[in-house]
Every structure is written in C-alpha cells, then in structure tokens.
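Residue indices begin at 1 and follow the sequence shown. When a ligand or atom number is given, it counts from 1 through the structure's own listing order.
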Amino acid sequence: MNISAELLTLLRGTSKLAALTGAGVSQESGLRTFRDAQTGLWAQYRPEDLASPEAFRRDPKLVWDWYAWRREAVKAVRPNPGHYALVEMERKVPSFTLITQNVDGLHRMAGSQRLLELHGNIQRVRCAECYTFTEIWGDDSESVPACSQCGGLLRPDVVWFGESLPRDQLEAAVEAARSCEVFLSIGTSGVVQPAASLAFAAHNRGARVVEINAEPTPLTSKANYVLHGKSGEILPHLVEAVWGHS
Ligand code: OAD
C-alpha cells in the first residue's frame, strides 16, 4: 500500500486529530452500508424512506421491524481491524476525538473511548412520546411495543431525517473539527448534513484533511490526501507505518 512519506510525517507530528467515520468502516464487519442496495425483505424500501418521523407516523410497525432486523444484524457482528486501528490511534495521539455517524456501537465495542455518536445508538430504545429509555419490551408480531410509563410507542434512540442531532455530541464534534490539526474522513459518503460539513469546517480552519474511502466522494477533490480502498486494510497499515507496534 502506497502512503506518502509526507503524510506519515504529518501524522507522526500531529498532537490534535479528529476522525469522522461512516457506514463504510463497519462494512468489513459484515454490515450493509446505508447507500448499498438492500436485499431480501427490505429490497423494496430505501433506508431514507424508513428513517424518518413521517415514516414512523405512517407505519410504525414497518419502521420498528426494520430497526429490529438491523439490531439483530448488529448483534451478530464484531469490530474489524479498522475499528481496532482507531483505538490504537486514540492511544498514540495526545488529543484524539472519534466522531461517528454509525449507530452500531462497534467503535465502543472495539474499545474507543473519546467517541461522539452523532446519530445515536440502535441498541438503545426509548419512548417516542415521553423519552423514557427502556431495556425490556414485549415483542408481539402485531404491533409496536408500548412505553411502560405513558403507553406511547417505543422507537430506537437514533436520529431520523428531519430530526436534530444530540446537541452536546454535535457541539463537541464541531469543536473537535475546528481545532484539530488533521481531520480523517473514513468510510462515509459525505452527503448527510451536518456531519458532512465537519471535514470542510476543519479544512477552512487550516487542518489537513485525509480521506479514506473505497469510492470518490464530494470531499475527495478538497482533501489533502486520499487513500483509496478498504478502511479495514488501510487503517491498520497506516497506524503501523506511523506509530509502529504498541
Ligand atoms: P453511506 O452508505 O452513505 O456511505 C458509505 C461510504 O463508505 C461510501 O462512500 C462507500 O464508498 C464507503 N465504503 C464502503 N465500504 C468501505 C470500506 N470497506 N472501506 C472504506 N470505505 C468504504 O454511509 P454514511 O456516509 O455513513 O444517517 O451515511 C451517512 C448517514 O446517512 C448515516 O449515518 C445515516 C444515513 O442516512 C441517519 O440515519 C440519520
């Protein structure tokens, strides 16, 4: 794998780094990315049409079942070498912030600690009305389970299209992007706001931007360095080349 000496030197000298990840980072764990075509039962739906308050109002059971299916898929997979390389990076860089759009919890499972989950977490379930979190619910095949406090419908604690991101997580992510020396954008198509603007905010403040992706994105032409390929291969290689074994 060809990583320029200039990039290795830059990373070696970096004390403040922010990294943004998207679904591509979990692809090698066996999870489908958002904009991959779906298969089977869900092939007829676009994720964008299921991940919204309108969809939940229109057909709560359909949306609940789609998330239940994804929750099971997440439970069956493990972090991959890309997730672990980011844990290693956190240990090596004095100030490191990992910002993820993923709701699968794999970064935390791998051991990342300085982590901001911008779009929530699929394993958390809360009431759509009174916001009470719950870990236990009865699941019949007919209807969406109800909140034990108020009787409202339960939903996953994830951000849907048209909803606001958790304010504390977003503010911390913006601050990390604006103040870092190097910003890594990894496995994200960069089309969903406000996460997509973080790399540009970093760039505008003078940070060097590095993109790691299997495909070109709207960020590619602006990035200072582009590493084209799979993050589960590139990240371990990069960490090894820059910081060596721990
Ligand atoms: P996408 O599915 O839009 O993009 C995945 C990106 O990962 C693409 O650019 C792929 O080229 C790249 N990719 C795929 N496999 C890869 C691999 N092994 N290594 C590196 N790159 C790879 O997913 P996101 O950008 O995460 O939001 O989508 C952003 C948001 O849109 C999601 O968080 C979700 C969705 O709607 C909400 O639900 C609010």
Side-chain angles (χ1 to χ4, degrees), residues 1 3 19-39 42 45-56 63-64 66-67 69-71 73-74 77-86 98-107 110 115-124 155-167 169-170 173 183-200 209-223 225-239:
M1 192 177 301
I3 301 176
L20 171 72
T21 62
V25 166
S26 297
Q27 185 263 336
E28 289 153 272
S29 289
L31 293 178
R32 233 176 280 284
T33 66
F34 248 88
R35 284 162 185 82
D36 268 351
Q38 302 207 67
T39 52
W42 300 104
Y45 300 102
R46 295 189 321 148
E48 295 88 328
D49 294 339
L50 293 166
S52 74
E54 294 75 32
F56 191 61
V63 173
W64 175 265
W66 184 58
Y67 277 96
W69 172 73
R70 288 182 57 204
R71 198 181 297 120
V74 165
V77 302
R78 310 288 307 159
N80 67 58
H83 294 105
Y84 291 114
L86 288 165
L98 180 57
I99 308 159
T100 190
Q101 299 164 89
N102 299 343
V103 297
D104 56 34
L106 290 178
H107 284 305
L115 175 67
L116 302 170
E117 289 182 322
L118 286 186
H119 292 168
N121 191 306
I122 199 169
Q123 304 298 355
R124 283 195 308 259
R155 57 162 284 180
D157 188 35
V158 299
V159 176
W160 283 337
F161 285 99
E163 294 185 322
S164 306
L165 274 61
R167 196 168 160 179
Q169 307 286 294
L170 180 60
F183 186 95
L184 305 184
S185 177
I186 311 163
T188 174
S189 56
V191 296
V192 173
Q193 295 294 356
S197 65
L198 292 170
F200 293 92
V209 172
V210 184
E211 179 174 68
I212 299 173
N213 200 306
E215 304 286 342
T217 75
L219 178 66
T220 307
S221 61
K222 193 107 183 187
Y225 304 91
V226 176
L227 301 176
H228 182 73
K230 293 183 171 227
S231 53
E233 293 168 9
I234 294 174
L235 283 169
H237 186 80
L238 189 67
V239 169

Suppose we screen for side chain to side chain contact (heavy atoms under 4.5 Å, CB included). Which residues come up paired with Glu28, at least two apart in sequence or across chains?
Asn80, Lys230, Ser231, Glu233

Is the terminal nitrogen or CZ of Arg71 (NZ for Lys, CZ for Arg) located under 6.0 angstrom from the six-membered ring centre of Trp64 and within 45° of that ring's axis?
yes

Who pairs with Tyr225 by ring-ring contact (aromatic ring centres under 6.0 Å, His included), at least two apart in sequence or on another chain?
none

Do any nitrogen or oxygen atoms of ligand 1 lie under 3.5 Å from a protein nitrogen or oxygen, and which ones?
| unit_1 | atom_1 | unit_2 | atom_2 | d |
| --- | --- | --- | --- | --- |
| ligand 1 | 2 (O) | Phe34 | N | 2.8 |
| ligand 1 | 2 (O) | Arg35 | N | 2.8 |
| ligand 1 | 3 (O) | Arg35 | NH1 | 2.6 |
| ligand 1 | 3 (O) | Ser189 | OG | 2.5 |
| ligand 1 | 4 (O) | Ser189 | N | 3.4 |
| ligand 1 | 7 (O) | Gly187 | O | 3.1 |
| ligand 1 | 9 (O) | Asn213 | OD1 | 3.3 |
| ligand 1 | 9 (O) | Asn213 | ND2 | 3.1 |
| ligand 1 | 11 (O) | Asn213 | OD1 | 2.7 |
| ligand 1 | 18 (N) | Gln27 | OE1 | 2.7 |
| ligand 1 | 18 (N) | Glu28 | OE1 | 2.9 |
| ligand 1 | 19 (N) | Ser231 | N | 2.9 |
| ligand 1 | 19 (N) | Ser231 | OG | 3.4 |
| ligand 1 | 21 (N) | Ala214 | N | 3.3 |
| ligand 1 | 25 (O) | Thr188 | OG1 | 2.7 |
| ligand 1 | 25 (O) | Ser189 | N | 2.9 |
| ligand 1 | 25 (O) | Ser189 | OG | 3.3 |
| ligand 1 | 26 (O) | Ala23 | N | 2.8 |
| ligand 1 | 27 (O) | His119 | ND1 | 3.4 |
| ligand 1 | 28 (O) | Arg35 | NH1 | 3.2 |
| ligand 1 | 31 (O) | Arg35 | NH1 | 3.2 |
| ligand 1 | 31 (O) | Arg35 | NH2 | 3.4 |
| ligand 1 | 33 (O) | Gln101 | O | 3.2 |
| ligand 1 | 33 (O) | His119 | ND1 | 2.8 |

With sequence neighbours left out, the residues meeting salt bridge (Lys or Arg N to Asp or Glu O under 4.0 Å) with Arg78 are none

Ser185 backbone acceptor or donor facing Glu211 side chain under 3.5 Å
no

Geometric class of the Trp160/Phe56 ring pair [parallel <30°, tilted 30-60°, perpendicular >60°]
tilted

